[in-house]
S.K.: 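Okay, handing you the structure first.
Chain naming here is simple, since letters A, B, ... match the order of the sequence lines and numbering starts at 1 in each. Here the structure is a predicted model, which is why all the values come from computation and not from measurement.
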Amino acid sequence: MTIRIVETVFDPFLEIQHFQTQLALNGKCGATSIFIGTMRDFNDGDDVRAMTLEHYDGMTQKQLAKIIATAKEKWAILDELIIHRIGDILPNEPIVVISVWAMHRAEAFEACRYIMEELKSHAPFWKREILTSNESRWVLKNTSGKN
Amino acid sequence: MTIRIVETVFDPFLEIQHFQTQLALNGKCGATSIFIGTMRDFNDGDDVRAMTLEHYDGMTQKQLAKIIATAKEKWAILDELIIHRIGDILPNEPIVVISVWAMHRAEAFEACRYIMEELKSHAPFWKREILTSNESRWVLKNTSGKN
Amino acid sequence: MITITLRYFASLREQVGRSKETFTFSHTLSVVDVWQHANSMPLPENTLIAVNMEYVDKLYCVCDGDEVAFFPPVTGG
Amino acid sequence: MITITLRYFASLREQVGRSKETFTFSHTLSVVDVWQHANSMPLPENTLIAVNMEYVDKLYCVCDGDEVAFFPPVTGG
């Protein structure tokens, strides 16, 4: 399990690839499920120019570790990586990456989605958007992950 | 939409990264869901040394395009990539990659999983395993993707 | 006269000992009838059938020029 | 005597105009009572509360040395 909170732009593919080379999966991993959340240039009908992400350092890491521990109780998964940006973010930049390695696909898919939904509802991050009008505002709540 | 059937080992992360740079997502994509299926070195209680993947060239591409078209009817997704190996494969090598780009996470997660399950049940691929005992056998059926 | 191409894949290809063949019939017939004309062994129960690369059921009737494929359950991904 | 640290985040930090402060009380009290002692505005209804970085409900009683945090709904990911 690895949790990283980063302040600068990162390449999700290089990060996952690098993490994976350090795993001793040795033929045991049949399924990897990855989610990448990226900053959009619109929200709630307005054009967004940039975003600042605040977090509660310490509690973030504690809550994410707890979410992964619960996922490991629910599903047979081999390893997990979470990377989350904080600070100033521009459209198209990755905000969050979750990657779950498992023997079988159902476990990988379900654990990855579970971790993402729990992160959205429990990890202490807050987004402040800067609109193209230069007005800035706090995002009031996350949208539901259900269809 | 891109569907590729490849005969040699590939790097899933470089492939997705390369495909993504060609997409004109321009701030519209908030969510990417990726699945990577990797060859394991065991199956049905036996140690597996290698695998050969046969397919029905032409029907494979037709069925995968149909699966993606159905996914696009069901969910608002922006773009899709499927890469599938054929030929001789060794443990730890990727067999399949599915990547779905969407505005929102529910659509990305659900479409990616749907495409994977439909591929498993409808795309005409067949695996022949070579055990460490050098005995070889056809895989009789895919395991369920439900938990 | 209708002429069709038959194809066999994976374990079924090995069982019938052929991968591709052409048949000519004087009248249209269902894909299960096609199998019976082409093979002495009965059609294995879990066999999947495609005509022109689309799945069909075994009572589907072939037309001139069709490619009819028989194969075991798929195991990709 | 119990001494606790209060922390505020995001929009709530801006509303109260402070990010961190220390309070000393003569007896234990609930986190909602802590809020009322520290702030003239009522506790906003959707506020989340954590003690020592774990979520608690508003009737949770603080102990000496606790870090009590108040913040709006989270919006990460």
S.K.: Could you have a look at B/Lys120, B/Lys66, B/Arg85 and say which one has the most heavy-atom pairs with chain C under 4.5 angstrom?
M.R.: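 Of the candidates given, the most pairs with chain C belong to B/Lys120.
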
S.K.: Looking at B/Asn142 and C/Val74, what are the two nearest heavy atoms and their distance?
M.R.: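 Closest approach of B/Asn142 to C/Val74, heavy atoms only: ND2-O, 3.6 Å.
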
S.K.: Rounded to the nearest 0.5 Å, what separates atom OG in C/Ser11 from atom CZ in B/Arg137?
M.R.: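 Result: 13.5 Å between the selected atoms.
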
S.K.: Please name the pair of heavy atoms, one in C/Phe71 and one in B/Pro124, separated by the smallest distance, quoted to 0.1 Å.
M.R.: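 Looking at all heavy atoms of both residues, the closest pair is CZ-CB, 4.4 Å.
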
S.K.: C/Glu14 versus B/Arg128: any side-chain heavy-atom pair under 4.5 Å?
M.R.: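 Yes, their side chains come closer than 4.5 Å.
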
S.K.: Can you tell me which portion of B/Thr60 sits under 4.5 Å from chain C's heavy atoms? Options are side chain, backbone, both or neither.
M.R.: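 For B/Thr60, neither part sits under 4.5 Å from chain C.
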
S.K.: Is it the backbone or the side chain of B/Leu140 that comes under 4.5 Å from a heavy atom of chain C, or both, or neither?
M.R.: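 Just the backbone, heavy atoms under 4.5 Å.
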
S.K.: Testing the basics here: between B/Tyr56 and C/Ala69, what is the closest heavy-atom pair and its distance to 0.1 Å?
M.R.: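 It is CE1-CB, 3.4 Å.
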
S.K.: In residues 39-55 of chain C, which residues are in contact with chain B at a heavy-atom separation under 4.5 Å?
M.R.: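 Those residues of residues 39-55 of chain C which have a heavy atom under 4.5 Å from chain B are C/Ala50, C/Asn52, C/Met53, C/Glu54, C/Tyr55.
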
S.K.: Specify which of B/Lys141, B/Lys62, B/Met39 makes the most heavy-atom pairs with chain C at under 4.5 Å.
M.R.: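 Greatest number of close heavy-atom pairs with chain C: B/Lys62.
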
S.K.: What's the shortest heavy-atom distance between B/His55 and C/Phe9, and which atoms?
M.R.: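 In terms of heavy atoms, the two residues are closest at O-CE2, 3.7 Å.
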
S.K.: Around atom CD of B/Glu7, are there more than 12 heavy atoms from other residues, nucleotides or ligands closer than 6.0 Å?
M.R.: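 Incorrect, the count does not exceed 12.
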
